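These notes concern the structure reproduced below.
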Amino acid sequence: MMKPSQASRLPQPTAEEIEHSERLLQHLRATIASHGPMPFSQYMERCLYAPGLGYYSAGKTKFGAAGDFVTAPELGELFARCVVHAVQPVLAMLGSEADFLELGGGSGAFAEAAILALAENGVLPRRYLILEPSADLRERQRERLRAALPADIMTRLAWIDRPPEQSWRGILFANEVIDALPATRFVLRRGEVYEEYVAIDGEARLMRVDRPADALVTGAVRHVERDLGGNFQDGYRSEILPQLPYWMQAIAGSLDAGLMLFIDYGYVRREFYLPERRDGTLMAHYRHRAHNDPLYLPGLNDLTASVDFTALAEAGNSAGFGVAAYLPQAHFLIAAGLQEVFEHAYEQATDDAARHRLAQQVKKLTLPDQMGERFQAMLLARGLPALPLPAELLAADQGGRL
């Protein structure tokens, strides 16, 4: 629970925001009163995605300076153009039947820059699909892209509610998606695995309690212990995604031939579960401030946990994909032509302010204390006769660390 002094350091919510959070609280209390304490993963899912109430499904600005956080695509077009430079050889190899699927379109900034770059390079996919569960975000994306793209290109765009059921070929791209999957919180007590739940105290306030974990969660934790070569100490608390292999199969099972690119903040497993990281990686983000109380103002905070990239690789393997490359975001962008993309944009810039913004983009995307080292890129491939990725990217691969 957040201390009053910590809450006072956060921006004050408006009366409208407090009312919105209270509506979600009433929903959570009613659910807990009817069914008992809910697993933290279910609480996180409700806080982020409950229809009309969750963080991503209500109509508040999420991305950019007016929101709660800034993702790489919001900084400008350099990020998207580097992604396109990295994956366009695969699109070209797959030919006219290739599609591009973006998971969670955010504000539409990535799609806008990527589609324009694909058009410039003559590798427009047959369809550009955006899998966006939020009706509010979907409408914002549609408005933005209609205003930015020529009508003939807009005909290639489609929004979908669920992954394609029919087999397809192409590129699947997900930026900051895995960190928002509802995370299971676990803790070790006397050598046994417990799962964190959210309950209600005697004054109708949310509280966290631990209960013996079921077989799925226990099995997932024991797998990590075996892989690390030792048991977690009593009191060690962290996050795990036991559903990740099933999620991966659901979103990528129909991708017969192509490449998946995941970019997110996280670590390889032995760094994720460091002994000193005894309370996991869970964070709440509220108006560009990070704090560690997920029960504070539910519905107004983005809740995220860092990604165990070793688990992501395992899930990809179990779905039939091989790891093509794994590397920090800075290395990925540089290998994907950041210097060339930056120089071209710099030459096209119309004034000093625009050139300054481009330089700031590069710093934010690549410096170790910004996104450069905290964010990682993982490419997973299946069904390709060869792997036509830039040679610099393959040379920078750090997959051996997984």
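This one's a predicted model, so the numbers in the text were calculated from it and none came from an experiment.
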**Request:** Determine whether more than 12 heavy atoms belonging to other residues, nucleotides or ligands lie under 6.0 Å from atom CD of Glu276.
**Result:** yes
**Asked** Charged N to carboxylate O under 4.0 angstrom, Glu340 versus Arg81?
**Response** no
**Interatomic spacing from CG in Leu261 to CD1 in Ile171 - rounded to 0.5 Å** = 8.5 Å
**Message:** Within the 4.5 Å heavy-atom criterion, are Val84 and Glu120 side-chain neighbours or not?
**Reply:** no
**Message:** If you compare all heavy atoms of Asp256 against all heavy atoms of Ser167, which two are closest, and at what distance to 0.1 Å?
**Reply:** OD2-CB, 3.0 Å
**Prompt:** Side chains of Arg138 and Asp161: closer than 4.5 Å at any heavy-atom pair?
**Reply:** yes
**Request:** Ignoring hydrogens and angles, state whether a donor on the side chain of Tyr265 or Thr281 is under 3.5 Å from an acceptor on the partner side chain.
**Result:** no
**Asked** Any side-chain heavy atom of Glu77 sitting closer than 4.5 Å to one from Leu116?
**Response** no
**Message:** Please evaluate residues Ile115 and Arg156 with respect to the criterion side chain to side chain contact (heavy atoms under 4.5 Å, CB included), reporting the C-alpha separation (whole Å), side-chain torsions for both, the decisive distance (0.1 Å), and the verdict.
**Reply:** CA-CA 10 Å; Ile115 291 167; Arg156 296 176 186 252; over 6 Å; no
**Request:** Report yes if some heavy atom in the side chain of Arg237 is under 4.5 Å from a heavy atom in the side chain of Asp210; otherwise report no.
**Result:** yes
**Item:** Residue pairs, two or more places apart or on separate chains, that pass ring pair (Phe, Tyr, Trp, His ring centres under 6.0 Å) and touch residues 340-369
**Value:** Phe342-Tyr346
**Asked** Judged by atom type as modelled, is there a donor-acceptor pair below 3.5 Å linking the side chain of Arg382 to the main-chain atoms of Leu255?
**Response** yes
**Prompt:** Looking only at heavy atoms, which two atoms of Met44 and Leu303 are closest? And how far apart?
**Reply:** CE-O, 3.3 Å
**Asked** Quick one: CZ on Arg142 to CD1 on Ile130, what's the gap to the nearest 0.5 Å?
**Response** 9.0 Å
**Prompt:** So Phe232 and Tyr236, would you call those rings parallel, tilted or perpendicular, with 30° and 60° as cut-offs?
**Reply:** parallel
**Geometric cation-pi criterion, Arg277 with Tyr267: 6.0 Å, 45°** = yes
**Asked** Under 4.5 Å between any side-chain heavy atoms of Pro275 and Gln233, yes or no?
**Response** no
**Asked** Would you say the side-chain atoms of Gln243 pair up with the backbone N or O of Pro182, donor to acceptor, closer than 3.5 Å?
**Response** yes
**Message:** Name the residue from Asp308, Thr184, Leu312, Ile178 that meets the side-chain contact (heavy atoms from CB on, under 4.5 Å) definition with Leu241.
**Reply:** Ile178
**Item:** Donor-acceptor pair, side chain of Asn317 and main chain of Phe321, under 3.5 angstrom
**Value:** yes
**Prompt:** When you look at Arg189 and Glu192, which way does the salt bridge (Lys or Arg N to Asp or Glu O under 4.0 Å) test go after all the steps?
**Reply:** CA-CA 5 Å; Arg189 296 193 182 283; Glu192 298 299 318; over 6 Å; no
**Residue pair Leu149, Leu157: steps toward the side chain to side chain contact (heavy atoms under 4.5 Å, CB included) verdict** = CA-CA 10 Å; Leu149 301 176; Leu157 263 73; 4.3 Å; yes
**Item:** ring pair (Phe, Tyr, Trp, His ring centres under 6.0 Å) contacts touching residues 84-126 (sequence neighbours left out)
**Value:** Phe100-Tyr128, Phe110-Phe173
**Message:** Could you walk me through whether Leu94 and Leu384 satisfy the side chain to side chain contact (heavy atoms under 4.5 Å, CB included) test, starting with their C-alpha distance in whole Å, then the side-chain angles of each, then the deciding distance to 0.1 Å, before giving a yes or no?
**Reply:** CA-CA 9 Å; Leu94 293 171; Leu384 298 174; 3.9 Å; yes
**Prompt:** Can you tell if the side chain of Pro89 reaches within under 4.5 Å of the side chain of Leu389, non-hydrogen atoms only?
**Reply:** no
**Prompt:** Should the ring pair Tyr273 and Phe186 be called parallel, tilted or perpendicular, given that the plane angle runs from 0 to 90° and is split at 30 and 60?
**Reply:** tilted
**Asked** Counting distance only, does the side-chain N/O of Asp179 pair as donor-acceptor with the main-chain N or O of Ser306 below 3.5 Å?
**Response** no
**Message:** Under the criterion side chain to side chain contact (heavy atoms under 4.5 Å, CB included), I'd like the reasoning laid out for Arg289 against Asn301: C-alpha separation, chi angles, the key distance, then a yes or no.
**Reply:** CA-CA 10 Å; Arg289 307 286 179 88; Asn301 295 268; over 6 Å; no
**Prompt:** Should the pair Asp99-Arg126 be classified as a salt bridge under the 4.0 Å nitrogen-to-oxygen rule?
**Reply:** yes
**Request:** Measure from the side-chain N and O atoms of Glu239 to the backbone N and O of Leu282, and report whether any donor-acceptor pair falls under 3.5 Å.
**Result:** yes
**Prompt:** Would you say Thr310's side chain and Leu402's backbone share a donor-acceptor pair under 3.5 angstrom?
**Reply:** yes
**Request:** Decide, yes or no, whether a salt bridge links Glu143 with Arg140 under the criterion of side-chain N to carboxylate O below 4.0 Å.
**Result:** no
**From OH (Tyr55) to OH (Tyr286), nearest 0.5 Å** = 10.0 Å
**Asked** Pick from Leu333, Ile334, Leu327: which one makes a side-chain contact (heavy atoms from CB on, under 4.5 Å) with His331?
**Response** Leu327
**Request:** Report yes if the side chains of Met93 and Pro385 come closer than 4.5 Å at any heavy-atom pair, otherwise no.
**Result:** yes
**Prompt:** CG of Leu78 to CD of Gln361: how many Å apart, nearest 0.5 Å?
**Reply:** 4.0 Å
**Request:** Would you confirm whether Arg270, through its side chain, and Asp227, through its main-chain N or O, come within 3.5 Å as a donor-acceptor pair?
**Result:** no
**Charged N-O contact under 4.0 Å between Glu196 and Arg208** = yes
**Request:** Indicate yes or no for a side-chain donor-acceptor contact from Asp214 to the backbone of Leu216 under 3.5 Å, with no hydrogens or angles considered.
**Result:** yes
**Request:** Search all heavy atoms of Leu91 against all heavy atoms of Pro125 and return the closest pair with its distance.
**Result:** CD2-CB, 4.5 Å
**Request:** Indicate the atoms forming the closest heavy-atom contact of Met248 with Ala315, along with that distance.
**Result:** CG-O, 3.6 Å
**Item:** Atom pair CZ/CG of Arg169 and Leu259 - distance to nearest 0.5 Å
**Value:** 13.0 Å
**Complete:** Rounded to the nearest 0.5 angstrom, the OG-CD distance for Ser21 and Glu16 is 12.5 Å
**Request:** Could you pull out the closest heavy-atom pair between Tyr194 and Pro212, with the gap in Å?
**Result:** CD2-N, 3.4 Å
**Prompt:** Pairs in or reaching into residues 132-167: which pass ring pair (Phe, Tyr, Trp, His ring centres under 6.0 Å), with residues at least two apart or in two chains?
**Reply:** none
**Message:** If we ignore hydrogens and angles and just use 3.5 Å, is the side chain of Ser254 paired with the main-chain N or O of Pro164 as donor and acceptor?
**Reply:** yes
**Note, Phe309 side chain near Arg401 side chain (heavy atom, < 4.5 Å)** = no
**Request:** Considering non-hydrogen atoms only, spot the tightest contact between Asp234 and Gly191 and give its length.
**Result:** OD1-N, 3.0 Å
**Prompt:** With no hydrogens and no angle check, is any side-chain donor or acceptor of Gln141 less than 3.5 Å from a backbone partner on Gly106?
**Reply:** yes
